[in-house]
Amino acid sequence: MSLVTESSWANAGGTLSVHTHDSDTVQGSMRFAVFTPAQAANGPVPVLWYLSGLTCSWANVMEKSGIQHAAAEHGLMIVAPDTSPRGDSVADDEAYDLGQGAGFYLTATQAPWAPHFAMDQYVKDELPEVVGKHFKADLSAQGITGHSMGGHGALTLHLKNPDQFKSVSAFSPIACPSQVPWGQKAFSAYLGDDQSTWANYDSQQLVKSKPSQATLLIDTGDADQFLAEQLTPEAFIETCKAAGQSLNYRMQPGYDHSYYFVSSFIRDHVAHHAAVLKS
């Protein structure tokens, strides 16, 4: 449970810090960032988890989105884990969409990934324990959001753990991974060819079996270069309608998959979470 602080900066009236610790869950060193708002000086504050996408780390959201300014306004702590375990002992692949940087927020069962790739367990169980011990975090009020692969992670972790992650949103999520190339490649490698095991990590399938009582807020750009092949929003929207899942899915004209898009709507998402977590 020991923690090493690598960097710390005054930011948006609070503090942005980057830390490493040894993880039992992924059997290696993990890095994550925390924005602590000024309101934490008066006691524990709600926590919003931000899960990043393929090839990303904590730095993308903290350096490009402006999330800290919105979090400072609402008094939310932001925690941004890495997207996978990393290191010389961790299996990897030459492609950007598999291996290090591409953990897909699941627990791998197949070699060579199984020893380290358990990012869903890490985000759900181990990292909250670390954050709760070392920061003024109110773990009774947790929300979760993310971008692309991280949007997939946010939706699935909320749908399976609605009592822990009470609010949820996503930017351009891979919401039907079993049906698209990114998800099929990752699931085949990490989980094997038995597609019945994939449903536990597929937002569309999870909504069918057990819709959430929360409202899912999702933004996607209609100029997103991955829209038709990888994101397939229409299929997810129709599934939510059939299941009675409350969904606010907003198609944003002219926006792509980048952090120019994320930064344009991050305040809406933080406000969405604050309305739930501070109620």
Side-chain angles (χ1 to χ4, degrees), residues 23-28 30-33 47-58 60-61 78-86 90-93 96-110 113-131 142-162 164-165 167-192 197-207 210 212 216 218 226 230-231 236 262:
S23 166
D24 293 332
T25 303
V26 304
Q27 299 184 40
M30 290 295 291
R31 180 178 286 111
F32 66 97
V47 179
L48 177 58
W49 299 88
Y50 184 94
L51 306 185
S52 293
L54 292 166
T55 76
C56 295
S57 70
W58 67 267
N60 297 75
V61 64
I78 308 296
V79 182
D82 205 343
T83 47
S84 79
R86 300 179 191 263
V90 177
D92 201 8
D93 189 271
Y96 75 94
D97 53 359
L98 189 67
Q100 296 188 35
F104 269 85
Y105 305 101
L106 51 71
T107 295
T109 58
Q110 304 298 302
W113 315 105
H116 300 283
F117 282 73
M119 287 301 296
D120 58 333
Q121 294 184 53
Y122 176 72
V123 171
K124 176 184 177 291
D125 298 320
E126 186 175 20
L127 191 53
E129 185 178 355
V130 173
V131 169
Q142 298 181 62
I144 193 163
T145 186
H147 173 233
S148 193
M149 178 186 71
H152 143 77
L155 291 172
T156 56
L157 280 163
H158 164 75
L159 288 166
K160 289 188 286 187
N161 308 282
Q164 178 176 354
F165 302 109
S167 59
V168 62
S169 70
F171 297 90
S172 306
I174 310 169
C176 307
S178 298
Q179 300 179 26
V180 301
W182 274 341
Q184 291 167 347
K185 178 178 180 177
F187 287 1
S188 294
Y190 296 141
L191 303 173
T197 66
W198 299 6
N200 196 42
Y201 300 105
D202 188 306
S203 300
Q204 184 184 35
Q205 299 305 316
L206 291 169
V207 164
K210 191 176 181 181
S212 165
L216 316 183
I218 299 178
F226 302 112
Q230 305 285 8
L231 306 183
F236 186 69
V262 173

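Start at 1 with the first residue, then count along the sequence.
Side-chain contact between F117 and S84 is present, with at least one heavy-atom pair separated by less than 4.5 Å. Taking 4.5 Å as the limit, every side-chain heavy atom of K124 sits out of range of all side-chain heavy atoms of W49. When side chains are defined from C-beta on, F226 does not count as touching V180, because their heavy atoms never get closer than 4.5 Å. Within the 4.5 Å cutoff, the side chain of T109 has no heavy atoms near those of the T197 side chain. A 4.5 Å side-chain heavy-atom check between Q204 and Q179 finds at least one atom pair inside the cut-off. A 4.5 Å side-chain heavy-atom check between H147 and S52 finds every atom pair outside the cut-off. Side-chain atoms of V61 and F171, non-hydrogen and from C-beta on, never get closer than 4.5 Å to each other. You'll find the side chain of D120 stays beyond 4.5 Å of the side chain of T156, heavy atoms only.
For residues 170-187, every residue pair satisfying the salt bridge (charged side-chain N to carboxylate O under 4.0 Å, His left out) rule, not counting sequence neighbours, is listed here: D97-K185.
Here the side chain of T55 pairs no donor or acceptor atom with the backbone of Y96 at under 3.5 angstrom. Listed for the Q121 side chain is no donor-acceptor partner under 3.5 Å among the backbone atoms of T107. Side chain of S169 to main chain of T145: no donor-acceptor pair is present (N/O by atom type, distance under 3.5 Å, no hydrogens or angles). Y190 places a side-chain N or O within donor-acceptor distance of the main-chain N or O of G99, the cut-off being under 3.5 Å.
Rounding to the nearest 0.5 Å places CG of L231 at 6.5 Å from OG of S148. Within the model, atoms CG of L106 and CG of L157 stand 10.0 Å from one another, a figure rounded to the nearest 0.5 Å. A distance of 4.5 Å separates OH of Y105 from CG of L51, quoted to the nearest 0.5 Å. Distance check, rounded to the nearest 0.5 Å: CZ of F165 to OG of S212 gives 12.5 Å. Expressed to the nearest 0.5 Å, how far CG of L98 lies from CG of D93 amounts to 4.5 Å. Separating the OG atom in S23 from the CE atom in M119 is a distance of 8.5 Å, to the nearest 0.5 Å.
Residues forming a ring pair (Phe, Tyr, Trp, His ring centres under 6.0 Å) with F187 (at least two apart in sequence, or on another chain): W198. Qualifying side chain to side chain donor-acceptor pair (under 3.5 Å) partners for Y122, counting only residues two or more places apart in sequence or in other chains: H21. Partners of P162 under the side chain to side chain contact (heavy atoms under 4.5 Å, CB included) rule, at least two apart in sequence or in another chain, are H158. Remark: F104 engages H152 in a ring pair (Phe, Tyr, Trp, His ring centres under 6.0 Å) (not counting sequence neighbours). Scored by the side chain to side chain contact (heavy atoms under 4.5 Å, CB included) test, Q205 finds A199, D202, K208 as partners (sequence neighbours excluded).
Between L54 and A102, the shortest heavy-atom distance links the atoms CD2-CB, 3.5 Å. The two residues M30 and P85 come nearest to each other via the heavy atoms SD-CA, 3.7 Å. Closest of all the heavy-atom pairs between A189 and W113 is O-CD1, 3.4 Å. Among all heavy-atom pairs drawn from A154 and G146, the shortest one is CB-N, 3.9 Å. Nearest heavy-atom pair, Y201 versus P177, reported as atom, atom and distance to 0.1 Å: O-CG, 3.6 Å. Residues T83 and G53 share a closest heavy-atom pair of CG2-O, 3.4 Å.
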TODO: Apply side-chain contact (heavy atoms from CB on, under 4.5 Å) to I218 and L155, showing your working.
DONE: CA-CA 10 Å; I218 299 178; L155 291 172; 4.2 Å; yes
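Between the side chains of T25 and E126, a donor-acceptor pair is found at a separation under 3.5 Å.
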